[in-house]
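Step one of this worksheet: look at the structure below.
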Amino acid sequence: TTFFYYPNKELQEELSCIAKALVAPGKGIIAADESNTTMGKRFQMIGLENTEENRRLYRQLLITTDPKISENISGFIMFHETLYQKTDAGVPFAEVLRKKGIIPGIKVDKNSVPLFCSMDEFTSQGLDDLHLRCAQYKKDGCDFAKWRVVMKIDKTTPSYHAIMENANVLARYAAICQSQHLVPVIESEVLMIGDHDLDRCQKVTETVLAAIFKALSDHHVYLEGVLLRPNMVTPGQSSHKNNTPADIGLSTILALRRTVPPAVPGILFLSGGQAEEEASVNLNATNNVPLCKPWALTFAFGRAMQVSALRSWGGKKDNVSNAQAELIKRARAHSLASIGKYVPGSIESLYGSEKLVIDSNEL
Ligand code: 5MM
């Protein structure tokens, strides 16, 4: 016999309410939790210095966008520094979000580190003091957290070693978050790097997700109180295969149906280097696959949410409202895609086709 206990009823109720609100129909999440190093790379694109004040100004732009954005946005993921920053008027960012009905979230992993003796693979660290950090973040206004693991497709990867380690670290993270009343967003990114085809990405995604849900079960994680943030199933970025959005949608749904229990309330895709328009179109196609899909299928995009806003801001005060208009348009497009009603090309963004792909040295 295995002895264990479920979280008490109040905690179950609290977690599942938060999770449901984050995937309410037509809503998704803005991921703006770039670490300072990643923000530096983004600012380089617009020739801006990577200072704490410039990071505050940029996040202020995103966070103070017109409240109507909350028709399409349920949550906003921040980096530690951002959670403790304030607007020019001295209002904490978390409070501004709450007032608009947007739930503040926080990145809690402490980045990817090499997995010793693996084929150049990674795990993510940050478990040691996680319960203390989660308790503090909850007090400071957050209701959910995110932790990312990355795996890459190569001839011999992801290895059994990397799959098992990453599944386990996600399960341990999820259990700790739930104990501190935060909904864990389980982020599993099978990278687009490589020349593999769609089928290979589908099979790897299935294998990784199956391992994750086995680990979550082993760790007694309450599935109604988690959200999954996976990659869409796509061909490798250097494969030169031209799969249609319908192909991508079908492979994505097949992989998810085979591995994600219906108890999970929602799946929020990461964009993984897709351009803004491409991500909207693929999310829309995924929602239109004519098979039973028992979860909400929406977005928690980082790059595919922010490229046009960042570029049209360019670090200049005068451009703030144009940049906010870009953010609103993209949120609207992704929102329509999350209910399968986005007409490709119907909402144009200034930099809608620009991709921010990464290479393996950037992990
Ligand atoms: C927004 O970026 C997140 C934080 O990244 P770093 O810790 O590397 O600075 C990142 O985890 C992001 O959430 C994922 O890369 C997925 O976002 P995309 O841009 O693929 O939607």
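Both counts, for ligands and for their atoms, begin at 1 and track the order of listing. We count residues from 1, following the sequence as given.
- Taking the six-membered ring where the residue is Trp, Tyr58 and Phe43 present perpendicular rings, their angle passing 60° and hence far from 30°.
- For Arg98, the salt bridge (charged side-chain N to carboxylate O under 4.0 Å, His left out) partners two or more places apart in sequence, or in a different chain, are Asp143.
- Taking the ring-ring contact (aromatic ring centres under 6.0 Å, His included) definition, one finds that Tyr342 meets it with nothing, sequence neighbours left out.
- When the shell of 6.0 Å around NZ of Lys214 is examined, it contains 12 or fewer heavy atoms from other residues, nucleotides or ligands.
- Ring orientation note: the planes of His334 and Phe301 are nearly perpendicular, at an angle over 60° on the 30°/60° scale.
- In this structure, Asp128 has no side-chain contact (heavy atoms from CB on, under 4.5 Å) partners at least two apart in sequence or on a different chain.
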Could you pull out the N/O contacts under 3.5 angstrom between ligand 1 and the surrounding protein atoms?
| from | atom 1 | to | atom 2 | distance (Å) |
| --- | --- | --- | --- | --- |
| ligand 1 | 7 (O) | Lys107 | NZ | 2.5 |
| ligand 1 | 7 (O) | Asn111 | OD1 | 3.4 |
| ligand 1 | 8 (O) | Thr38 | OG1 | 3.3 |
| ligand 1 | 9 (O) | Ser35 | N | 2.8 |
| ligand 1 | 9 (O) | Ser35 | OG | 2.7 |
| ligand 1 | 9 (O) | Thr38 | OG1 | 2.4 |
| ligand 1 | 11 (O) | Lys146 | NZ | 2.5 |
| ligand 1 | 13 (O) | Lys146 | NZ | 2.9 |
| ligand 1 | 13 (O) | Arg229 | NH1 | 2.8 |
| ligand 1 | 13 (O) | Arg229 | NH2 | 3.2 |
| ligand 1 | 15 (O) | Arg148 | NE | 3.4 |
| ligand 1 | 17 (O) | Arg229 | NH2 | 3.3 |
| ligand 1 | 19 (O) | Arg303 | N | 2.8 |
| ligand 1 | 19 (O) | Arg303 | NE | 2.7 |
| ligand 1 | 20 (O) | Gly272 | N | 2.6 |
| ligand 1 | 20 (O) | Arg303 | NH2 | 2.8 |
| ligand 1 | 21 (O) | Ser271 | N | 2.7 |
| ligand 1 | 21 (O) | Ser271 | OG | 2.6 |
| ligand 1 | 21 (O) | Gly302 | N | 2.8 |

